[in-house]
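Shown next, in C-alpha cells, is the structure this report addresses.
Chain letters run A, B, ... following the sequence lines, proteins first, then strands; residues in each count from 1.
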Amino acid sequence: MSDESQTQPEATLKKTVLHALHVESGAKMVPFGGWDMPVQYSNGIISEVKAVRNSAGIFDVSHMGRLEFEGSGAESFLGSILSANMPILKVGRSKYSFICNASGGIIDDAMVYKVADEKFLLVINAGNADVDMEWINPLVAGRDDFTMTITTAETAMIAIQGPNAVEIVDQLTSSEASKIRRFRTGSASVNGIPAILARTGYTGEDGFEIIVAADKGAVLWNTLKEAGATEAGLGARDVLRLEAGLPLHGNDLSEETNPFEAGFGRFASSIAPDSIAADALNQIAKTPLQRTLVGFKMTGRGIPRTGLNILSDDASATSDANSIGTVTSGTHSPTVDGGIGMGYVEQKYSAIDTQIVIDVRGRLVEAEIVEMPFYKRG
Amino acid sequence: MYPDDLKYSKEHEWVRMNGNIAEVGVTVFAQESLGDVVFVDLPDVGSDIEQFAKFGEIESVKAVSDLFSPVGGKIVEVNSEATDNPESVNAEPYGVGWLIKVDLSDTEQLDGLMDAASYEATLE
C-alpha cells in the first residue's frame with residue numbers, strides 16, 4: 001500500500017479556524033465527523049477533565065454545524081422538523097431538541113436558540129451535518145417565508161466550561177455575561193469582540209458557548225487561555241459529557257432509537273401536530289417501552305466500551321442468548337474513579353440498582369445500573 | 001527514552017534480562033501513544049506464554065490495546081503496582097510500571113528482538 005492512499009483521506013478533512021493553534025499547542029489531532037480535531041493536548045485527557053471540573057476548560061466546537069433561520073415562517077418551520085414546542089420558546093432562550101424521521105428515529109439531536117424575534121440558531125452535530133442537510137434542504141425548498149443560512153464557516157464557536165468559566169467571561173464582558181442565566185442566550189462584547197453567548201454546554205458544568213466571527217476565533221481562544229482557561233480536546237469532552245449523563249448521537253442516539261427509549265421523552269412530548277415525526281412520536285409515547293437507555297457503573301474490574309454485550313447477572317457464560325442489551329458509550333471516569341457507561345437494556349432490567357454483567361471481550365465483569373448523571377456539580 | 005540494556009519488540013514492548021528471568025514492559029513510545037493509562041489486565045502467575053502472543057490488555061481513557069509478550073516461557077510474577085496504579089505505566093514504563101516477569105523457555109528467542117538503536121529507527 002502506498003503512503004498516498006493513507007494520507008489522502010486526511011487531506012480532505014476540514015479544519016476549524018483554530019486548527020493551527022491546536023497544532024502549535026502540541027495537540028494530538030484526529031479525524032472527527034469530517035474534521036481534523038484535537039483529541040487531547042500535551043497534558044492528557046485526565047488532566048483536562050480535572051481542569052474543567054475544578055477550574056475552567058476551553059473547547060473548540062467550531063466544527064459543529066450552525067444554521068440561522070430568519071423570517072416570519074422560521075418558527076413554524078423549525079417546529080415541523082424539531083421535537084421541541086417552538087411557540088413557547090421566548091427570545092433569549094434555548095431548547096434541547098431532536099430532529100426525528102417519520103418513524104420517530106433520531107436523525108440528530110440539536111440545540112435551538114431563539115436569538116431574536118423571528119430569528120433562530122440551530123446547532124447540530126458535525127458528524128451529522130451532511131445527513132441533516134439532506135433531510136432539511138428538500139423541506140426548505142419552496143418556502144419563501146424565511147431564509148436559512150449555514151454560518152458554520154463564517155463563525156467560530158468556543159465553549160468555556162467549569163466552575164470558574166462564568167467569572168472568566170464576566171471579567172472580559174464588563175459583567176454582562178453573568179446577567180445571562182442558565183440555558184439563555186444574549187450578546188456581549190468579549191474583550192472588544194462582538195459575540196453571541198449561550199449559557200449552555202456539554203460537560204455538566206456551568207459556562208458558555210461563545211460564537212464570534214471566524215476571523216476573531218483565534219483572538220478569543222488566546223484571550224480565554226490567558227484569562228486562565230485550560231485547552232481541552234474531544235477526549236475530555238467525551239468523558240465529561242458521559243459523566244454528566246448526556247448522550248452522544250452516533251453512540252447513544254441514532255435513527256434506530258427514539259427519544260422516549262433514550263429517556264428524553266420530555267423533549268418530544270409537546271411536538272407540533274404538523275411535525276413530520278408527530279404521529280410516530282405520539283404513538284411511541286403511548287406504547288410501553290421495549291428497552292431503555294440506562295447508566296451503569298462497573299463494580300468489578302473493567303472498563304465498558306461501545307458495542308460490548310450487556311448480560312443479566314445470572315449469566316454464567318458469554319453468549320448472545322444471555323444478552324439483555326448493548327453498551328453504547330463507556331469510559332474510565334476520573335471524577336467517579338471507575339468505569340462508567342450507558343447502554344440500552346430490555347425494559348425489565350432497567351430499574352436502578354439492577355445488577356448486570358458486561359461482557360468485556362470474554363471477561364464477565366459485574367456492574368450496577370445507577371441513576372444518571374454520574375456527576376452533578378456542587 | 002530507550003535504554004541500551006533492554007531488548008525491544010516491534011509491538012513496543014521491552015525485555016530486561018536477569019539470569020533466565022525476563023522482565024517485560026511497554027516502551028515510552030507506547031505509553032505516549034496510549035495517553036493516560038487507566039486499566040491494565042495481566043495474566044495469572046504460573047501460566048505459560050508463547051513468544052509474541054497476547055498476554056493482556058492495556059487501556060487508556062479512549063482505547064483498548066493488546067499486550068504482546070516479546071518472550072515466551074512461564075510467567076513467574078505480575079506487577080500489582082501496574083494493575084493497582086495504572087498511571088505508573090505512564091510515569092515509569094521501564095521502572096515501577098513493568099508488567100510481567102517470564103522464566104524463559106529458551107534464550108535464543110532474544111535474537112528475534114531489536115536493540116535500542118534498531119527499535120528507535122522503526123519509530124521514525
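One distance of note links CG of Leu308(A) with OG1 of Thr328(A); it measures 11.0 Å at 0.5 Å rounding. The distance from atom CG of Asp252(A) to atom OG1 of Thr306(A), rounded to the nearest 0.5 Å, is 7.5 Å. Between atom CG of residue Leu123(B) and atom CE of residue Met1(B) there is a gap of 8.5 Å, rounded to the nearest 0.5 Å. Rounding to the nearest 0.5 Å places OG of Ser254(A) at 11.5 Å from CG of Leu248(A).
Contacts with chain B were tallied for Val239(A), Ile303(A), Val49(A); Ile303(A) has the most, counting heavy-atom pairs under 4.5 Å. Of the residues considered (Lys28(A), Arg305(A), His332(A)), Arg305(A) shows the highest number of contacts with chain B, using heavy-atom pairs under 4.5 Å.
Close approach to chain B, defined as a heavy atom under 4.5 Å from one of its heavy atoms, is seen in no residue of residues 365-378 of chain A. Among the residues in residues 11-48 of chain B, those with a non-hydrogen atom closer than 4.5 angstrom to a non-hydrogen atom of chain A are Glu32(B), Ser33(B), Gly35(B), Asp36(B), Val38(B), Phe39(B), Val40(B), Asp41(B).
Looking at Val39(A), the atoms closer than 4.5 Å to chain B (heavy atoms on both sides) all sit in the side chain, from C-beta outward. If you measure heavy-atom distances from Thr83(B) to chain A, the contacts under 4.5 Å come from both the backbone and the side chain. Residue contact with chain B, scored on non-hydrogen atoms closer than 4.5 Å, involves the backbone and the side chain of Arg301(A) alike.
A donor atom on one side chain and an acceptor atom on the other are found under 3.5 Å apart for Glu243(A) and Thr335(A).
Residues Tyr8(B) and Tyr2(B) share a closest heavy-atom pair of OH-C, 3.0 Å. Closest approach of Ser62(A) to Leu18(A), counting heavy atoms only: OG-CD1, 4.5 Å. Taking both residues in full, the closest heavy atoms of Val52(A) and Pro163(A) are given as O-CD, 3.2 Å, listed atom of the first, atom of the second, then distance. Of all the heavy atoms in Ser329(A) and Leu242(A), the pair that sits closest is CB-CD1, 4.0 Å. Nearest heavy-atom pair, Ile49(B) versus Ile75(B), reported as atom, atom and distance to 0.1 Å: CG2-CG1, 4.0 Å.
Within the 4.5 Å cutoff, no side-chain heavy atoms of Lys7(B) are placed close to those of Val71(B).
Around CG of Asp84(B), the count of heavy atoms belonging to other residues, nucleotides or ligands within 6.0 Å exceeds 12.
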